Amino acid sequence: MFFYIGYNANMADKLLSHYEELKAQVNFHNYRYHVLDAPVISDLEYDRLLNELKRIESDHPEWITSDSPTQRAGARPADRFEKIRHPAAILSLANAFGSDDARAWLERISKIDDRVEKAKFVVEPKIDGLSVVLHYRDGLFVQGATRGDGEVGEDITSNLRTIRAIPLKIPVQTVDDRPKTEKPSTVPRSGPPSYLVVRGEAFIPNKDFEELNRKLEEAGEKTYLNPRNTAAGSLRQLDPQLTASRPLTLLVYQIVYSEGGEVPTSQWEILEYLKALGFPTTDVAKRFNDLESAIAYTETWNEGRDSLPYEADGMVIKIDDLTLAVELGFVGKDPRGAIAFKFPAREVTTTLNDIGVAVGRTGVLTPYAVLEPVEIGGVVVERATLHNFDFIAEKDIRVGDRVLIKRAGEVIPYVIGPVVDARSGKEKSYRPPTECPACGQGVEHFEGEVAWYCVNAACPAQLVRNIEHFVSRGAMDITGLGIKIVEQLIESGLVKDVADLFALKKEQLLELEGFADKKAENLLKSLEQAKGQSLNRLLAALGIHGVGEVMAGDLSRAFGNLSALSKTSADELQQIDGLGPNIAESIVDWFSQPANQKVLKKLKAAGVWPEMQKAESGKRQGALSGLTFVVTGTLPTLSRDGVKEFIEKNGGKVTDSVSKKTSYLVLGENPGSKADKAQALGIKIINEVELRKLAGE
Ligand code: IVH
């Protein structure tokens, strides 16, 4: 160990220098952890150092200075925030909504100054947080403020002190016995200016935000809407203890003002300089010789924004030469020397006009939001999911509310929650339906599930979804049966259940609108081919509650045909690995329904009656038998479906999400958050080669 604990109490001088050394060490390790995200000692060792420091401070309170790491969250709650005038205007940014806007910006400023033509550009992430201004006198953090109106902000020093990424003293002292490589690269020799004011963006990283909400949810408390609002709210708490309990951090990017010392005159060097002083700076920033390259880089982050650890609403493109940037002046509060290249918005607010209810193929009732149409990222959104009825109740979402909607990537737009402050009092609380909105029959609730179901097998809304599922690629894979045709077939009365599909005649199809010879023949051909599908596909296609592809495979191997399965008991079903009482009951229940028995009879008569070789005691055979896998990322040779097939062929099981029951996580390139979860749960992580070995290849 490279630090030293223990002292001679009689030697005050020695103790004082030991105390100073300890302080520097704790601050340094704090910097390694919260700024560099690369600690070099364990939490236990850190705590030991901190406790030692606290012990000395309790004996010698007269030694305590404001840069002691023990002084971060000591301040008492305030009655209100004092106003602080900023030493220079805290400016905003003009927006560019696309590359043409950015080019137009360059053209405009080129006309003002010739030097723009040769200018370099720095691109930085535009973090969606809260702008803060930090003051350092003789290297000590003395004051911190919000942006306010850009001229005057609020004094939130005590709150900012609780953010561990903010150095209490700069430059962050290096500890001499550390290996050379760990020292910040270019600590300026002359030290920082005697008065230095820097600006940064305070925020809550996405992962910490999710964790915070998860904990709140577990404790049955109200969750927060999004990281930005939570960060802003946390910094404006009058009690610093509350701020300290929120996972805030920050990144700095600007020197607002300095006195008594030189600072760099280019944005790129400013970032390097701030980093060398011990401030957290972004590692995403890059410098370019021309605007086109800067735009190209910006666009890569538009696509990759989900891989940033925080919410970014765009990238900032800045003229690197700050002398030039200042001389370009500003328009209102926007400097001409920089532009915010905005990413398409993903969160907007709009009015919730109504709550609708959709009936899914298994009869599950799903509430959805009927919205005042609103544009999000170039798409007009009128509907958004509300997840389930519990969600509406938990978030207290009312019809007429202004709601926050998110639409990100491929995800279906969803309601995050109501904007409670925007309520007028006219909003109406919502009550879930007691009857199915499609067929009017009563709805039911299964033990241990949040969903409500319509259990009427003849419900027309269910029938459409049922057939849609039956013919889908993962099930019977019948081509030429899109939703429109399914609806036509049901409306015309030709199809009343899935088995009716196989009784369709060419003459009947030709009578339907839009059907000509070829189309009818093609459909009949693919129906004929579907008769040869395997038992597991047919089983998965029937849409029995709880029976997905994996379970269908298990049941097929255990029973070999539908007659045997239809005669089984819940007890017998539970002999199958991973099949619990709820699903067992749902299977038995499905086969006992007269309507379903009729369907089975018709399928058999139509020749849709696949059989499978029954396996010994229903267990999967193969080297991966009894093991459950989750796959994330792209594997070198196996595709998504390929790896699933491989694992199942070898007797293993593939599931979508990581849980304690997962045996292995198979990791490929560009993995998702499943990898983090697996690591957190201590699940074994393997690659494709190891998977093949495990399977005995
Ligand atoms: S530069 C002259 N750089 O975006 C300096 N701003 O819409 C003007 N922001 O109020 C600001 N990340 O709170 C700059 N890397 C970054 C930023 C950034 C986030 C925020 C900042 C500002 C807002 C402007």
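Since the model is a prediction, treat every value here as computed from it, not as a measurement. Read the numbers this way: they start at 1 and go in the same order the structure lists the ligands and their atoms.
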ask   = Which residue pairs satisfy the side-chain hydrogen bond (donor to acceptor under 3.5 Å, both in side chains) criterion with at least one member in residues 111-130, sequence neighbours excluded?
value =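 Listed once each, the pairs are D113-R115, R115-E327, E124-Q267, E124-K318, K126-D313.
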*Is the cationic atom of R305 (NZ for Lys, CZ for Arg) positioned less than 6.0 Å from the six-membered ring centroid of F343 and within 45 degrees of its normal?*
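Relative to the ring axis of F343, which defines the angle, R305 lies outside at least one limit.
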For this output row, return yes or no: ring centroids of [X] and [Y] closer than 6.0 angstrom.
| X | Y | result |
| --- | --- | --- |
| F279 | Y136 | yes |
| H135 | F141 | no |
| Y257 | Y195 | yes |

- Message: Can you confirm whether the side chains of T65 and K23 place a donor and an acceptor under 3.5 Å from each other?
- Response: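 Yes.
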Under a 3.5 Å threshold, I'd like every N/O contact between ligand 1 and protein atoms, with atom names and distance.
residue: ligand 1; atom: 3 (N); partner: K318; partner atom: NZ; Å: 3.0
residue: ligand 1; atom: 4 (O); partner: K126; partner atom: NZ; Å: 3.1
residue: ligand 1; atom: 6 (N); partner: Y253; partner atom: OH; Å: 3.4
residue: ligand 1; atom: 7 (O); partner: K126; partner atom: NZ; Å: 3.2
residue: ligand 1; atom: 10 (O); partner: R199; partner atom: NH2; Å: 2.9
residue: ligand 1; atom: 12 (N); partner: I127; partner atom: N; Å: 3.3
residue: ligand 1; atom: 13 (O); partner: S131; partner atom: OG; Å: 3.2
residue: ligand 1; atom: 13 (O); partner: E201; partner atom: OE1; Å: 2.7
residue: ligand 1; atom: 13 (O); partner: E201; partner atom: OE2; Å: 3.3
residue: ligand 1; atom: 15 (N); partner: E124; partner atom: OE1; Å: 2.8
residue: ligand 1; atom: 15 (N); partner: P125; partner atom: O; Å: 3.2

